[in-house]
Number of protein chains: 2
Amino acid sequence: MPAKKNYHHGDLRQSLINEATRMIADSGIEKLSMRGLAECVGVSRTAAYHHFKDKNELLCAIAEQGFSHWYDQMGSRLNEVPEDLEAWFRAFSHAYIDFARNHAEQYDLMFGRPIWKNGQPTESLRKISFEAFERYAEFVKKCLQGDQFSHGQDALRVAQVTWGSLHGLSRLLNDGVYLDKESINSMCDVAARLLVQNMRR
Amino acid sequence: MPAKKNYHHGDLRQSLINEATRMIADSGIEKLSMRGLAECVGVSRTAAYHHFKDKNELLCAIAEQGFSHWYDQMGSRLNEVPEDLEAWFRAFSHAYIDFARNHAEQYDLMFGRPIWKNGQPTESLRKISFEAFERYAEFVKKCLQGDQFSHGQDALRVAQVTWGSLHGLSRLLNDGVYLDKESINSMCDVAARLLVQNMRR
DNA sequence: GGTGTATGTTGACACTGTCAAGATTGAAAA
DNA sequence: TTTTCAATCTTGACAGTGTCAACATACACC
């Protein structure tokens, strides 16, 4: 049923998400207004409120799709069994930061204040976002497994710290603080060198 | 000259900064409005515009004071000559994250989108913020000095990556993503263990 | 004392998110 | 088929925002 012209839109919910994603990608999150979005989709100011309780809920939906996209792009790496862990992490870092930079606005939404601090993350967003981290944490655990020194919650902490590091670099890059994109390569090298070599202990 | 009652406020500029800092500390950055701030200070809606071109400029002033505060609290650590670098970094991590958490809103302002991505950081903010990083980078360089393996820009990269890591952990903590404050201690331990031991190479 | 400049005020404009009440539609019940 | 009903969309309204232009006040200096 391809988009009725008249009254009912047909698939407004998804159209809103798509258009909003497109809009924030080239104008930034804070430029996105419910009214502007509605106009772009060709619908009245408040139509969106029949599909999303809030602006917050719309943002959550966008973020949710972002996590799904993230997993499409990064998930396969978490199934590998790396021989050279440092090389693996170097590549992973690069891929992670590339994702964060290529979908900068969506990335900032996925992990940023507007949803997690101000608004309330949707239950489904909570779920999919934690799943992403859990998958990563499991990967780390698997890599540290059989290590005589690792004990208890150690793997979780390593996962938290390494993810946090990549997140921090991504944010500083995206926001244009301290880091310049020309040095991404060497920063990934250094990050892998620093972070990996003492994982196993 | 203690605060005239009538027309001229006397030291409105600083009063605005102070009150705004107080307001964001207990209501969050996005709740801060020029009008609300003006009312709290007891002045008309647009009075602030004679001291700050923009809301952005006001935010920059707050952030600037934040960097000054940061240096008061952290600067002395950058003058130490650590014997045990891992222990030093463990303590530094803790202090950094404590600062970020104790002044969460101001910290987010200092390094966040509103200023660095959307708005334009003031020249003086640029200066003071870069100075903070440069001091840290120099410290790292000093620590890596005489190290046979370190070469060229390596120290800068190490500084970027380690700062980025602390920033990432701080942001995830402040925004309530993945990390919980109960595990700050062990995360700092792990961060120090991972990041430090291979600095020297 | 008069004048100018810094600082304060009021009015106005366009924009925002969102609620309440009414209009339109397609599908299920009669 | 006709009626009814719930889902969907629209219009009107309200309080709130940042900021500009025009005006008022007050202090500092000739």
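Sequence lines set the chain letters: A, B, ... in the order given, protein chains first and strands last, and positions in each chain run from 1. Only a predicted model underlies this, so the values are computations on that prediction, with no experimental measurement involved.
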* So do the side chains of A:C188 and A:N185 get within less than 4.5 Å of each other, counting heavy atoms only? -> no
* **Exercise: do B:S129 and A:Y178 side chains pair donor with acceptor under 3.5 Å** => no
* Asked: Expressed in angstrom and rounded to an integer, what is the separation of B:Y49 atom OH from C:dG11 atom P?
  -> 18 Å
* Nearest whole angstrom, please: distance from the C1' of C:dG8 to the CG of B:L16. => 12 Å
* Would one find more than 12 heavy atoms of other residues, nucleotides or ligands at under 6.0 Å from atom CD of B:E30? -> yes
* Asked: Can B:K127 and B:E123 be counted as an ion pair, charged N to O under 4.0 angstrom?
  -> no
* Structure fact -> Contacts of A:H50 and A:R45 projected onto DNA chain D by closest heavy atom; the upstream (5') one is A:H50
* Asked: Considering residues at least two apart in sequence or located in another chain, which fulfil the ring pair (Phe, Tyr, Trp, His ring centres under 6.0 Å) criterion with A:F52?
  -> none
* Hey, could you give me each pair passing side-chain hydrogen bond (donor to acceptor under 3.5 Å, both in side chains) that has a residue in residues 36-65 of chain A? Not counting sequence neighbours. => A:Q14-A:Q65, A:E64-A:S124
* Structure fact -> The correct set of residues in residues 20-40 of chain B placing a heavy atom under 4.0 Å from DNA chain D is B:L32, B:S33, B:M34, B:R35
* Structure fact -> Residues in residues 51-61 of chain A with a heavy atom under 4.0 Å of DNA chain D, by number, are A:H51
* To do: Hey, could you give me each pair passing salt bridge (charged side-chain N to carboxylate O under 4.0 Å, His left out) that has a residue in residues 97-106 of chain A? Not counting sequence neighbours.
  => A:E105-B:R113, A:E105-B:K117
* To do: Not counting sequence neighbours, which residues clear side chain to side chain donor-acceptor pair (under 3.5 Å) with A:D26? List them please.
  => none
